[in-house]
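Residue numbers start at 1 and run along the sequence shown. Numbering of ligands and ligand atoms starts at 1, following listing order.
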Amino acid sequence: TNIAAPSTPKVFTPKFEDYQAVYNEIASRLEEKDDYDDGSYGPVLVRLAWHASGTYDKETGTGGSNGATMRFAPEGSHGANAGLNAARDFLEPVKAKFPWISYSDLWILAGVCSIQEMLGPQIPYRPGRADRDITACTPDGRLPDAAQGQDHLRNIFYRMGFNDQEIVALSGAHALGRCHAKRSGYEGPWTFSPTVLTNDYFKLLLNEKWQWKKWDGPKQYEDKSTKSLMMLPADYALIQDKKFKAYVEKYAADNDLFFKDFQAVIVKLFELGVPFAESTEKMVFKPTSA
Ligand code: ZEM
C-alpha cells in the first residue's frame, strides 16, 4: 500500500512577473479613473508614498514606508495626511485582487507606477516591506510644514538623512498635482502640466514673478502673470536660500540631470528604514507606454 508523504503547504513566493501584474493593474486603474482632479490619481498616489516614507527618523530607526501605519487613525488623521484616504481607497481593489502584497509594498509600488506612468524616469523597486500594527504609528510633526522656510526644511529632511541637493531634487515632485483648500488649506497647482513629471517646477520657480496671493487662506504665492499657479512658502524658500538656489538653477537648466537625481533620491526615500533581505532583487517595471 502506498502511504502518501505529508504534503508541504504551498507558500506563494511572488516573482518579478507578479509585481509587474500589480503595476499593470494600478496603471490601468489610473487610465480608467481619469475624472479625478486634473485627470489622474497619479499625483495623490505619489504623495501617499512620500508621506508613508517621510516619517523616517534615522536616529531611532522609526517611521518610514515599512509598516503602512497611516492605515490607523492616529497617523491617518495627522493634518499632513488630510485627503490621502483618496489614494488609499483607490488602491483597495488592487489589494483585494493581489492579497499577497503588503499595503506597505503596494503603496510604494503605486508611487513608482505613478511616476513612470506620468512620464518620469524609471524607478527601480525592491519589495520586502511588512505591515505593522498601530503601535508603530509615528508621532505627529514628522512631515514638513508648508508655512515654514529653509531652516525647517533642513531640520526635517536631515532627520531622514538627506542633504541639500537631495532636498531640492525631491521638491521637484511638486511639478505634479495640486493643493486642495479642503485638505491643506492651500489652493492650486504648481505647474501647467500637473500630470506629467518635468523640471517645470524649477523653471517656474526661477523665472516667474511671484507675489503673495490676496485671499483669506494661508499665506501662499501666486504667479504675477496668470495668477493660476502657486508656490508654498516652503517652495519659495528654495530660491531664498543660496545653497538651495544653486540646485534649483541646475535642475531648471537640465531635465536629464533632474531625472537622474530624482530617480536616485526617490529610491532612497522609498527605502528608508526598510529591512530588505540581502538577496532582494531590484525590479524595473515596464511602463505601459513602452
Ligand atoms: Zn508635497 N505637498 N510637500 N511633496 N506633494 C502637497 C502636495 C503634493 C509639502 C507640502 O506641504 C505639500 C514633497 C515635499 C513637500 C507631493 C509630493 C511631494 C501639498 C498640498 C502640500 C501642502 C496637499 C493638498 O492640499 O492636497 C512640503 C512643505 C514639502 C517640503 C519640501 C515631496 C518630497 C514629495 C514627493 C517626492 C505631491 C505629488 C503633491 C500633490 C498631491 C495631489 O493630491 O495632487
Please confirm whether Ser184 comes within less than 3.5 Å of ligand 1 when only nitrogen or oxygen atoms on both sides are compared. yes
Assess, by modelled atom type and distance only, whether the side chains of Ser65 and Arg129 contain a donor and an acceptor separated by less than 3.5 Å. yes
Using a heavy-atom cut-off of under 4.0 Å, does the side chain or the backbone of Trp190 touch ligand 1, or both, or neither? side chain
Does Phe90 have Arg29 sitting over its ring (NZ/CZ under 6.0 Å from centre, angle to axis within 45°)? yes
I'd like to verify the contacts: list protein N, O or S atoms under a distance of 2.8 Å from atom 1 (Zn) of ligand 1. His174 NE2
Atoms of ligand 1 under 4.0 Å from any heavy atom of Leu153, numbered from 1 in the order shown, are 30 (C), 31 (C)
For Tyr56 and Glu271, which I'm curious about, is there any donor-acceptor pair between the side chains at under 3.5 Å? no
Is a side-chain N or O of Asp223 found less than 3.5 angstrom from the main chain of Ser228, in a donor-acceptor match? yes
In terms of residue, atom name and distance, what is the protein heavy atom nearest to atom 10 (C) of ligand 1? Leu232 CD1, 3.8 Å
Relative to the heavy atoms of Ala234, which atoms of ligand 1 are at a distance of less than 4.0 Å? 28 (C)
Would you check if the distance from the ring center of Tyr125 to the ring center of Phe285 is below 6.0 Å? yes
Mind checking whether Asp37 has an N or O less than 3.5 Å away from an N or O of ligand 1? no
Quick check: does any side chain N or O of Glu92 sit under 3.5 Å from a backbone N or O of Asp89, one acting as donor and the other as acceptor? no
Numbering as shown, the atoms of ligand 1 that approach Ile266 to under 4.0 Å (heavy-atom distance): 36 (C)
Using 4.0 Å as the upper bound for N to carboxylate O, is an ion pair formed by Asp241 and Arg154? yes
Could you find the nearest protein heavy atom to atom 20 (C) of ligand 1 and give me its residue, atom name and distance? Cys179 SG, 3.4 Å
Among non-hydrogen protein atoms, atom 38 (C) of ligand 1 lies closest to Pro43 O, 3.3 Å
Just checking, any donor-acceptor pair under 3.5 angstrom between side chains of Gln211 and Glu222? yes
Would the distance check show the side chain of Trp190 and the main-chain N or O of Leu205 forming a donor-acceptor pair, the cut-off being under 3.5 Å? no
Under 3.5 Å, is there a donor-acceptor pair linking the side chains of Asp235 and His174? yes
Examine the side chains of Tyr251 and Gln165 and answer whether a donor and an acceptor come within less than 3.5 Å of each other. yes
Identify the protein heavy atom lying closest to atom 43 (O) of ligand 1, giving its residue, its atom name and the separation to 0.1 Å. His180 CE1, 3.2 Å
Rounded to the nearest 0.5 Å, how far apart are CD of Glu166 and OH of Tyr247? 9.5 Å
Looking only at heavy atoms, is any part of Leu143 under 4.0 Å from ligand 1, and if so is it the side chain, the backbone, or both, or is it neither? neither
Would you check the N or O atoms of Arg178, main chain and side chain alike, for any that come under 3.5 Å of an N or O of ligand 1? yes
